[in-house]
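Encoded as structure tokens, the structure appears first; notes follow it.
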Amino acid sequence: MEERILAYCRDRGLPEPRLTWGWIPFNGHWGIATSFFQLAAAEARAGGAKVNVGQRANELAEEIAAHLGTPEGFERVEAVKGYLNLYFRTAEYASNVVESALAEGPAFGRAPRLGQRVMVEFSQPNTHKAFHVGHLRSAILGDTLCRILESAGYDVVRANYPGDIGLHVIKWLWNYMKFHAGEKPEKDITRWVGDLYAEANRRLQENPDLEGEVRALYARWDQRDPEVRKLWEVTRQWSLDGFTEMYDQLDIRFDVYYFPSMVEDSGKDTVDELIAKGIAQDERPAGPVIVKIDEQLGLTQEKYRVLVVLRSDGTALYATEDLALARLKFEDYPDLVKSYYVVDVRQSLHFLQVFKTLELAGYDWAGRCQHVPYELVTLPGNVVMASREGTVVLLENLIREATQRALAVVEEKNPDLDPAQKLEVAKAVGLGAIKYPMLARENGKIVTFDWQSALDFNGQAAPYIQYAHVRANSILRKAGIESLDALPPSRGVEYELAPAEVQLIELISRFPKEVQRAASELKPLHIANIAYDLAKTFTDFYNDCPVLIADEPVRSWRLRLVAAARQAIANSLNLLGIRAPEAM
RNA sequence: GCCCCUGUAGCUCAAUGGACAGAGCACCUGCCUUCUAAGCAGUUGGUUGAGAGUUCGAAUCUCUCCUGGGGCGCCA
């Protein structure tokens with residue numbers, strides 16, 4: 001097609017146009033479009049004469065439309081306001097889209113394997129602390145990115161990096177040894193652990209004299225006191241068990257766990273290496289070990305500034321551990337083409353510094369490390385969630401509340417459902433309602449959490465998309481179609497499609513491209529958008545186009561379309577980590 | 001002081017540099033004897049923070065301001 005247009009322009013002595021194709025943005029029309037404003041403008045520049053570009057573009061579009069006639073595979077060609085619109089021969093394309101969605105099934109939208117491995121590190125919760133809604137975004141964003149990258153053809157390693165050492169752990173241990181010795185968590189491990197941490201802080205605030213005891217305990221820790229280390233191991237595991245419960249509920253899993261405690265020593269080795277290479281400057285004991293990155297790079301304007309890689313007392317910092325962790329990841333998986341860090345935006349400079357320092361140290365994989373920043377989840381009034389301030393919404397509470405609320409709605413809407421299924425639906429809906437708002441906005445935008453909108457199951461939200469899936473499923477069930485094999489055979493489209501049908505097919509056809517785009521831009525938002533658009537368009541179809549009572553051949557074709565739409569909706573929900581219930 | 005992000009309808013957010021800037025929430029008016037009303041239809045609502053520039057064309061790119069948030073040598 002492009003060839004013919006280019007040839008036409010050559011023949012006419014027109015400048016070579018740069019054609020960019022897009023979809024025709026009108027509902028119910030299916031095809032591709034390009035504009036001739038650029039060509040008209042180029043022509044005007046070359047000619048030097050004053051012309052009305054818009055008008056000339058339309059003339060060109062009309063000329064070319066006339067020249068093309070109606071090419072093979074297209075139904076209609078028209079020129080409108082400077083655009084050349086090529087309408088697909090609907091029947092043929094519609095059939096291709098629906099049949100490929102049905103044939104590929106759960107793999108619809110998935111790209112062929114690339115044979116390339118990437119790692120995504122996400123959800124770095126602190127052991128010995130509460131898990132609250134503020135921690136949820138990294139977990140959900142990271143999980144969804146993994147699903148998207150996997151679908152785009154990558155082999156994905158899902159990594160977690162829980163903070164298992166530091167002052168907060170010592171405070172917790174101190175409180176436990178002094179006031180809770182011998183106690184064990186029963187259920188709600190994470191809540192119990194979090195409460196003890198809050199209690200520790202309260203005690204220390206009420207009686208600052210006790211901080212001496214905490215410092216003493218820290219010293220014992222540093223000297224690797226066996227009793228302290230043992231207790232740390234046991235209690236750390238409690239926390240991790242609690243996290244695992246939480247991740248299970250959220251349908252999130254990990255392939256590998258890294259811990260600061262694993263890389264504390266190797267981090268110090270890395271710092272020694274940096275000093276030996278002359279990259280880091282050792283100012284101990286008067287000062288810390290630092291890397292003057294801008295100076296190393298010969299920059300006159302400050303960009304990377306100075307990274308402190310080791311405290312003056314020789315103890316490790318976050319940066320110390322991150323240097324070693326980055327190495328460890330590439331030791332474990334030397335073939336990583338990318339090593340992503342899903343961490344909040346406040347650490348942008350930190351990662352810029354760490355990765356640049358590793359590059360200075362000569363590690364060629366340093367350029368493959370990439371920070372994927374996201375903004376925080378705050379409470380109304382821009383209040384940051386902090387366990388010490390008590391300004392948190394606990395994840396358990398949110399899940400429980402959302403699930404209960406969803407259960408109440410199911411009871412009301414669909415009382416005949418099997419009780420076990422009601423619970424299933426409540427979980428799917430409750431969790432979907434929690435996840436969707438975290439994914440349906442730019443990573444760099446703050447999510448303000450409030451109970452009312454978190455528990456609103458109406459409108460642009462996961463339950464709406466799930467409901468569209470349920471309706472599609474319901475039609476097929478009533479038609480007696482239990483599996484795809486029971487669908488009427490494919491005979492192509494033998495009637496003129498309604499606008500709602502064309503629109504639905506167009507969206508289904510766009511789904512695989514959106515997966516690619518979401519993967520290359522690392523933006524789950526695109527999937528959240530296409531999922532909602534699919535649901536919305538299916539609902540329009542549902543209202544406009546009866547299926548079960550339609551005459552043949554309409555009925556048979558629409559049943560296949562419904563099955564294809566159900567598949568596309570299910571696949572998009574799956575990428576978001578949201579379950580698609582059969583009924584609700 | 002330097003750097004990053006952000007600003008779109010009353011609120012929360014969308015929008016490959018392109019056709020009338022779209023949804024949801026909220027408000028108001030209707031629609032269950034038709035494939036599940038967690039739905040649908042309709043009404044109301046905009047000088048895309050301001051100003052300049054690039055471009056045939058700018059919410060989108062550049063510059064200068066302004067608003068809000070964040071970061072900047074021993075916190076994580």
Side-chain angles (χ1 to χ4, degrees), chain A residues 20-26 33-45 51-54 56-57 80-83 85 124 126 163 166-168 260 283-284 287-292 301-303 305-313 315 317-319 321 344-350 352-353 373 375-376 378 382 406 409-410 412-414 429 437 440-442 444-448 450 452-453 456-461 463-464 466-468 470-479 513 517 525 528-529 532-533 536 539-540 542-550 558 562 583-584:
Chain A
T20 49
W21 297 93
W23 287 289
I24 296 172
F26 305 118
T34 190
S35 70
F36 290 95
F37 299 111
Q38 242 171 21
L39 178 55
E43 191 187 36
R45 272 194 297 274
V51 289
N52 181 329
V53 170
R56 177 63 184 142
V80 184
K81 296 185 190 171
Y83 289 85
N85 292 340
Q124 309 80 354
N126 283 320
L167 184 59
H168 77 274
E283 299 182 342
R284 286 175 296 177
V289 181
I290 59 173
V291 180
K292 293 183 172 174
Q301 204 183 354
E302 56 180 6
K303 179 173 180 188
R305 297 167 184 265
V306 174
L307 177 64
V308 178
V309 290
L310 199 66
R311 285 200 188 91
S312 50
D313 65 2
T315 55
L317 289 153
Y318 216 61
E321 289 148 8
D344 83 72
V345 66
R346 299 178 186 199
Q347 309 203 19
S348 295
L349 178 60
H350 166 79
L352 203 60
Q353 293 176 324
E375 258 295 358
L376 300 182
T378 64
N382 208 18
V409 180
V410 189
E412 181 197 330
K413 304 279 182 192
N414 205 344
V429 169
R441 68 217 326 84
E442 292 279 359
K445 281 196 172 155
I446 293 174
V447 173
T448 304
D450 72 279
Q452 198 185 338
S453 53
D456 188 354
F457 298 152
N458 297 316
Q460 188 167 3
Y464 179 91
Q466 292 168 317
Y467 189 57
V470 163
R471 283 173 145 182
N473 195 59
S474 176
I475 291 175
L476 295 171
R477 192 179 57 244
K478 294 215 163 163
K513 289 191 172 75
R517 193 173 155 216
L525 166 66
N529 281 347
Y532 177 74
D533 288 343
K536 175 109 184 123
T539 302
D540 288 343
Y542 183 91
N543 291 322
D544 291 352
C545 304
V547 177
L548 297 178
I549 59 168
R558 284 187 178 163
V562 169
M584 59 192 273

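Chain letters run A, B, ... following the sequence lines, proteins first, then strands; residues in each count from 1. Keep in mind it's a predicted model, so treat the numbers as computed, not measured.
Counting only heavy atoms from C-beta outward, the side chains of A:F36 and A:R56 never approach each other to under 4.5 Å. For the pair A:L317/A:R311, a side-chain contact is recorded, criterion being any heavy-atom separation below 4.5 Å from C-beta on. Inter-residue side-chain proximity for A:I446 and A:L376 is flagged as unmet; no heavy-atom pair is nearer than 4.5 Å. The shortest distance between side-chain heavy atoms of A:I475 and A:Y542 falls below 4.5 Å.
Listed nucleotides: B:rA19, B:rG39, B:rA15. Nearest to the side chain of A:K81: B:rA19.
Rounded to whole Å, atom P of B:rA26 lies 8 Å from atom CD of A:Q452. One can place CG of A:D450 at 13 Å from C1' of B:rA26, the figure rounded to the nearest angstrom. B:rU8 atom P lies 13 Å from atom CZ of A:R441, rounded to whole Å. When the P atom of B:rA38 is taken as reference, atom CZ of A:F457 falls 13 Å away, rounded to whole Å. Nucleotide B:rU34 holds its C1' atom 13 Å from the CZ atom of A:R471, rounded to whole Å. In this entry the distance linking CD of A:Q460 with C1' of B:rU12 reads 10 Å, nearest Å.
Residue-level contact check: A:V562 touches neither bases nor backbone, having no heavy atom under 4.0 Å from any strand. Using a 4.0 Å heavy-atom cutoff across all strands shown, A:R517 reaches sugar-phosphate atoms only and no base atom. When heavy atoms are screened at a 4.0 angstrom cut-off, A:V289 is found touching no nucleic acid atom at all. Contact annotation for A:A33: base contact, defined as any heavy-atom pair under 4.0 Å involving a base atom. A:N85 comes within contact range of at least one nucleobase, with a heavy-atom separation under 4.0 Å. A:V309 comes within contact range of no nucleotide atom at all, as no heavy-atom separation falls under 4.0 Å. In this structure, A:N414 reaches the bases: a heavy-atom distance under 4.0 Å links it to at least one base atom across the strands shown. Using a 4.0 Å heavy-atom criterion, one finds that A:A440 contacts the sugar-phosphate atoms exclusively. Nucleic acid contact class of A:L476 (heavy atoms, under 4.0 Å, all strands): none.
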Strictly under 4.0 angstrom, non-hydrogen atoms only: write out the protein contact profile of nucleotides 69-76 of chain B, one letter per nucleotide from the 5' end, B, S or -.
SSBBBBSB
Each nucleotide of nucleotides 53-63 of chain B classed B (base within 4.0 Å of a protein heavy atom), S (only sugar-phosphate) or -, in 5' to 3' order, makes --SB-------
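Each of A:D456 and A:I475 has a nearest nucleotide on RNA chain B; the 5'-most of these lies closest to A:D456. Summary of the strand contacts: A:V470 and A:S35 both lie near RNA chain B, and taking for each the nucleotide with the nearest heavy atom, the more 5' one is attributed to A:S35.
Look at A:K478 and you won't find any side-chain N or O under 4.0 angstrom from OP1 or OP2 of B:rC35. Distances shown here put every side-chain N or O of A:Y532 at or beyond 4.0 Å from the OP1 or OP2 atom of B:rA15. An OP1 or OP2 oxygen of B:rG39 is reached within less than 4.0 angstrom by a side-chain nitrogen or oxygen of A:N458. Dashed line: the shortest gap from a side-chain N or O of A:K303 to OP1 or OP2 of B:rC4 is not under 4.0 Å. Dashed line: the shortest gap from a side-chain N or O of A:K445 to OP1 or OP2 of B:rU12 is not under 4.0 Å.
The distance from atom CD of A:E375 to atom CZ of A:R346, rounded to the nearest 0.5 Å, is 7.0 Å. The distance from the OG1 atom of A:T539 to the OH atom of A:Y532 is 8.5 Å, given to the nearest 0.5 Å. If you take CG on A:L310 and CD on A:E283, they are separated by 12.0 Å, rounding to the nearest 0.5 Å. Here CG of A:N543 is found 6.0 Å from CZ of A:R471. Values are rounded to the nearest 0.5 Å. Of the inter-residue distances, the one linking A:M584 atom CE with A:Q466 atom CD reads 5.5 Å to the nearest 0.5 angstrom.
In this structure a side-chain-to-backbone donor-acceptor pair under 3.5 Å is present from A:T34 to A:T20.
Secondary structure note: stems in RNA chain B built from 3 or more consecutive Watson-Crick or G-U wobble pairs under 3.5 Å occupy B:1-5 with B:68-72, B:10-13 with B:22-25, B:28-31 with B:39-42, B:49-53 with B:61-65.
On the P atoms, B:rG39 is 44 Å away from B:rC63, given to the nearest whole Å. Rounded to the nearest Å, the gap between the P atom of B:rU43 and that of B:rU29 is 15 Å. Between the C1' atoms of B:rG71 and B:rA14, the separation comes to 28 Å (whole Å).
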Walk me through it: do A:L39 and A:F37 pass the test side chain to side chain contact (heavy atoms under 4.5 Å, CB included)?
CA-CA 5 Å; A:L39 178 55; A:F37 299 111; over 6 Å; no
Report the C-alpha distance between A:K536 and A:Y464 in whole Å, list the side-chain angles of each, state the deciding distance to 0.1 Å, and finish with yes or no for side chain to side chain contact (heavy atoms under 4.5 Å, CB included).
CA-CA 8 Å; A:K536 175 109 184 123; A:Y464 179 91; 4.0 Å; yes
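The side chain to side chain contact (heavy atoms under 4.5 Å, CB included) test with A:P288 singles out one residue from A:V308, A:D313, A:V309, and that residue is A:V308.
Counting only N and O atoms by type, the side chains of A:S453 and A:D456 include no donor and acceptor under 3.5 Å apart.
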